[in-house]
Student: 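Input: one structure, supplied below.
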Amino acid sequence: MSVSRSAQRIGFLISAILLGLVTWKGEDFLTLEEGGRLVLAGAILAAAVVFPAVAIRWKEPSFWRWAYQMLVFLAAPLVMMIAVERLNGNFITDFLGDTDWLENYVVYLLFYLLAFGLFGSVRASVISISPILLIFGIANMYVTEFKGSPLVPMDLGSIKTAGNVAASYTYEIGYEIIFGICLTAMLIALVSGIRRTKNLKKSRIALRILSLLVVLGFGYTFYYTDTVADYGLKPDFFNQLRGYQNHGALLGFTINTKYLRLMEPADYNAADIPELMADGEGEEVPNILETALIRQGMSPEDAKEAVNVETAGSQGITPNIIVIMNESFSELNVVGDIETNIPYMAYIDSIRDETIQGNVYVSTIGTGTSNTEFEFLTGNTMAFLPAGSNAYQLYIKGEQPGLTSTLLHYGYTADAFHPYFETSWNRIAVYDYMGFRDFITVEDIFGRDLVEKYISSGYSYQTYKRLLKQKFPKEDILLRRYVSDAYDFKKITQMYEDKEEGVPFFLFNVTMQNHSSYNMEMDNFTEEVELTSTKREYPKTNQYLSLIKYTDEDFEVLLDYFKNVEEPTIILMFGDHQPFIEDSFYSEVMGKSITELDDETQQKRYITRFVLWANYDIPTGWIDEISINYLSTLLMQVAGLPMTEYNEYLANLYTKLPVITALGCRDAEGNFFQADQSNPLASEISAYRRIQYNNLSDLENRADELFYPADD
């Protein structure tokens, strides 16, 4: 080998920059409770190695050159595993047990083997793959930090939506990133002096073929057999974060890719669907509210009397229906007793005696809004879809029956309204498949030019506020950086006033006001609510609760408007998920770290609030447990409208299984279990799974007569 003076200068400069970065974050390394000095030493060593490694130029082939290349190539997976796992919150020395370290190493090695098979060069393999792995680790770290769950393959289909939301977060470069940059730079430096040898062409071709065969062999075994799954390498479907932390980030991400494709359920036969859905046929369809009241201790006689209210539908009236899926709307008392300086849901609590309210169980927390939409609008459940997947992005590929198609059949208009970007969650295509007539977004209400200027400004709040004030000088539109519920609800009343006379009105509204993050300090937002019962201060939680207070007040204004509307109108509001606030808040009020909670206790974090109100007499009561897939059926029953056979099937299923979500199930006796576990309701769950597959995926053989209203 030889030394190049120009390479020496480049290597010295890079080493100096890396050592400067390490020094800049040196205090962060040393404040680590465990391993901080070890990681700091590793970062310094990696940065220092760059200088001599870049300077060295290897001469023509020799045994030592070959051995050096093999050593670097085989060490690269281990080095990047150390870097990525530090970004994942793990020390390589203590998080991997048993054979986990080897399983992770093999996954990293396969990426390098794939690159070698494609490029035929150790140098090109290390230089191409190492930065990609570092970027994955950084992306996974930020995604975990901001939404409380790790990066999964299904997130890649939502990258445009993620980009729209990402601007609202504050990013910090921590010691983990500096450490990863140092290790990655070291690897690239170690191979930078290696040049391809011309007289080893045949040997290189053989090694490339062998590398690709190894990758293809592992790929075939993983994707087309159950060998790896039977060995135990499966995602932690209930808690992906726990799975990544226990078994490794890249390993967790990779094994999730097997579940991108929706598999046909065992024993599925489209011809069986009518029979599976016939459970309870010929009997009176159970009333969901009545079922819930009986389960909660009310006598059957009193429960029947409580729901025995003449509906608008029974009088031949089709009421207007307004559904508001309110961003992060929830009552945090469901996770543990909390007290605040002032009430934050005072109005909604005050109207419990004139509404139907309760706890609605969802399948997501902090993000994944569209999955809650999917469950509500279709009656399907995320329990039967791969964990971390997004139904709107992956599985709705054609006409989709549900609440919208049913109401269209009965002469309703059907519009969707979301005061944010139209591109989010593939809604344009999905809403069209569902039958919505129009989808109104910020591009429609503010103008596409204004929105494009906001985006090109880097999502600057000050720019957005200025542009809106110029165009709408008399309007207060934003609360923090998002459209307020006050303005959102005002637009609802305007849409109602503009509706076609004599045509029943259906609007599905997804709000934006309460979206994360909850550390924004804006000149248009006053924080009023503070926790008073916790030992520590939780600024994100305080901001979130203050936002809910604004929603509560604005909801009162909305209902006051519709109290004075002559046409019968139903308004249903529910939350899509709980907020992503401090983990330490949940740990304090729930009594232990969220990573230590059992699955049943963990499900408390997946409960939101719903309230169903009308400007005419409806049954009233509290429903303690209902999952979101049943909520549209409850709405149809309260409206008194004829239901599809699928709605009737769901009303029957609710009597046995009031909660079924991706997080778990609860039966009529309150027992908790996973949908895939052995349980007394396994046959009912299997039937539901097959019915849903027919509804969602088997479009050619779908039993449309069961999912659409019968022709008059």
Student: Taking all non-hydrogen atoms of both residues into account, name the closest pair between P419 and N509 and its distance.
Tutor: CD-ND2, 4.3 Å
Student: I need the full list of salt bridge (charged side-chain N to carboxylate O under 4.0 Å, His left out) pairs touching residues 357-367, with sequence neighbours left out, sorted by first then second residue.
Tutor: none
Student: Can you confirm whether N524 is buried at CG, in the sense that more than 12 heavy atoms of other residues, nucleotides or ligands lie under 6.0 Å from that atom?
Tutor: yes
Student: Taking all heavy atoms of Y654 and all of E625, pick out the closest pair and write down the distance.
Tutor: OH-O, 2.7 Å
Student: Test of understanding: with salt bridge (charged side-chain N to carboxylate O under 4.0 Å, His left out), list the residues that count as partners of K499, not counting sequence neighbours.
Tutor: E567
Student: Would you say R690 and S686 are linked by a side-chain donor-acceptor pair, where the criterion is simply a distance under 3.5 Å?
Tutor: yes
Student: Is the backbone N or O of A278 less than 3.5 Å from a side-chain atom of N652, with the two atoms forming a donor-acceptor pair by type?
Tutor: no
Student: Should Q543 and K540 be marked as a side chain to side chain donor-acceptor pair (under 3.5 Å) after you check the CA-CA gap, both sets of side-chain angles, and the distance that decides it?
Tutor: CA-CA 5 Å; Q543 184 169 126; K540 291 182 181 179; over 6 Å; no
Student: For residues 351-377, which residue pairs pass the salt bridge (charged side-chain N to carboxylate O under 4.0 Å, His left out) check, not counting sequence neighbours?
Tutor: E373-R427
Student: As an exercise, state the distance from CZ of F673 to CG of D599, rounded to the nearest 0.5 Å.
Tutor: 13.5 Å
Student: Start with the C-alpha gap between Y630 and T291, add the side-chain angles, then the distance that decides, and say whether side chain to side chain donor-acceptor pair (under 3.5 Å) holds.
Tutor: CA-CA 12 Å; Y630 299 115; T291 301; over 6 Å; no
Student: Is there a donor in the side chain of Q357 and an acceptor in the side chain of T355, or the other way round, less than 3.5 Å apart?
Tutor: yes
Student: Would the number of heavy atoms belonging to other residues, nucleotides or ligands and lying under 6.0 Å from CD of E305 be above 12?
Tutor: no
Student: To the closest 0.5 Å, what do you measure between OG1 (T406) and CG (L641)?
Tutor: 9.5 Å
Student: Should we say atom NZ of K397 is surrounded by more than 12 heavy atoms from elsewhere, each under 6.0 Å from it?
Tutor: yes
Student: Measure across Y649 and E684 and return the closest heavy-atom pair with its distance rounded to 0.1 Å.
Tutor: OH-O, 4.0 Å
Student: Does the pair D349 and R609 meet the rule for a salt bridge (Lys or Arg N to Asp or Glu O under 4.0 Å), with working shown?
Tutor: CA-CA 11 Å; D349 285 339; R609 184 78 168 266; 2.8 Å; yes
Student: Report the C-alpha separation of M643 and Q637 in whole Å, then their side-chain angles, then the decisive distance to 0.1 Å, and conclude whether the side-chain contact (heavy atoms from CB on, under 4.5 Å) test is met.
Tutor: CA-CA 8 Å; M643 298 191 298; Q637 288 185 329; 3.7 Å; yes
Student: Quick check: does any side chain N or O of Y347 sit under 3.5 Å from a backbone N or O of K549, one acting as donor and the other as acceptor?
Tutor: no
Student: Will you find, in the side chains of N695 and T378, an N or O donor that is under 3.5 Å from an N or O acceptor?
Tutor: no
Student: Assess the side chains of D554 and T551: does a donor N or O sit below 3.5 Å from an acceptor N or O?
Tutor: no
Student: I321 vs L403, test: side-chain contact (heavy atoms from CB on, under 4.5 Å). Steps then yes/no.
Tutor: CA-CA 11 Å; I321 295 176; L403 178 64; 5.8 Å; no
Student: Checking T369 against H515 for the side-chain contact (heavy atoms from CB on, under 4.5 Å) test, could you report, in this order, the C-alpha distance in whole Å, the side-chain angles of both residues, the deciding distance, and whether it holds?
Tutor: CA-CA 10 Å; T369 294; H515 201 286; 5.6 Å; no
Student: Do the side chains of P642 and Y410 get nearer than 4.5 Å, heavy atoms only?
Tutor: yes
Student: Does Q400 reach the side chain of N380, with side-chain heavy atoms less than 4.5 Å apart?
Tutor: yes
Student: Are Q578 and Y544 packed together at the side-chain level, in the sense that at least one heavy-atom pair is separated by less than 4.5 angstrom?
Tutor: no
Student: Between K563 and D560, is there a salt bridge with N-O shorter than 4.0 Å?
Tutor: yes
Student: So do I342 and V529 actually touch side chain to side chain, heavy atoms under 4.5 Å?
Tutor: yes
Student: Which atom names give the shortest non-hydrogen contact between D337 and S533, and what distance separates them?
Tutor: O-OG, 4.3 Å
Student: Would you say the side-chain atoms of Y561 and E497 include a donor-acceptor pair closer than 3.5 Å?
Tutor: yes
Student: Where do D576 and V362 come nearest, in terms of heavy atoms and distance?
Tutor: O-CG2, 3.6 Å
Student: So do L572 and F610 actually touch side chain to side chain, heavy atoms under 4.5 Å?
Tutor: yes
Student: Please indicate whether E705 has more than 12 foreign heavy atoms, meaning atoms of other residues, nucleotides or ligands, lying under 6.0 Å from its CD.
Tutor: yes
Student: Kindly give the heavy-atom pair with the smallest separation between T413 and F506, and that separation in Å.
Tutor: O-CB, 3.1 Å
Student: Does F672 form a side-chain contact (heavy atoms from CB on, under 4.5 Å) with D598? I'd like the steps, not just the answer.
Tutor: CA-CA 11 Å; F672 175 88; D598 60 61; over 6 Å; no
Student: Tell me, with the steps shown, if F562 and Y496 meet ring pair (Phe, Tyr, Trp, His ring centres under 6.0 Å).
Tutor: CA-CA 10 Å; F562 278 98; Y496 167 75; 5.3 Å; yes
Student: Is there side-chain contact between I691 and L706, with at least one heavy-atom pair below 4.5 Å?
Tutor: no
Student: Quick one: which of F555, F508, Y361, F376 gives a ring-ring contact (aromatic ring centres under 6.0 Å, His included) with F574?
Tutor: F376
Student: With rounding to the nearest 0.5 angstrom, report the CE to OG1 distance, M636 to T644.
Tutor: 7.0 Å
Student: Report yes if the side chains of N514 and P579 come closer than 4.5 Å at any heavy-atom pair, otherwise no.
Tutor: no
Student: Would E582 and T541 satisfy side chain to side chain donor-acceptor pair (under 3.5 Å), going step by step from the backbone distance to the final call?
Tutor: CA-CA 7 Å; E582 296 93 345; T541 305; 2.7 Å; yes
Student: Just verifying a value: how many Å separate E290 CD and I288 CD1, rounded to the nearest 0.5 Å?
Tutor: 11.5 Å
Student: So do the side chains of Y646 and T633 get within less than 4.5 Å of each other, counting heavy atoms only?
Tutor: no
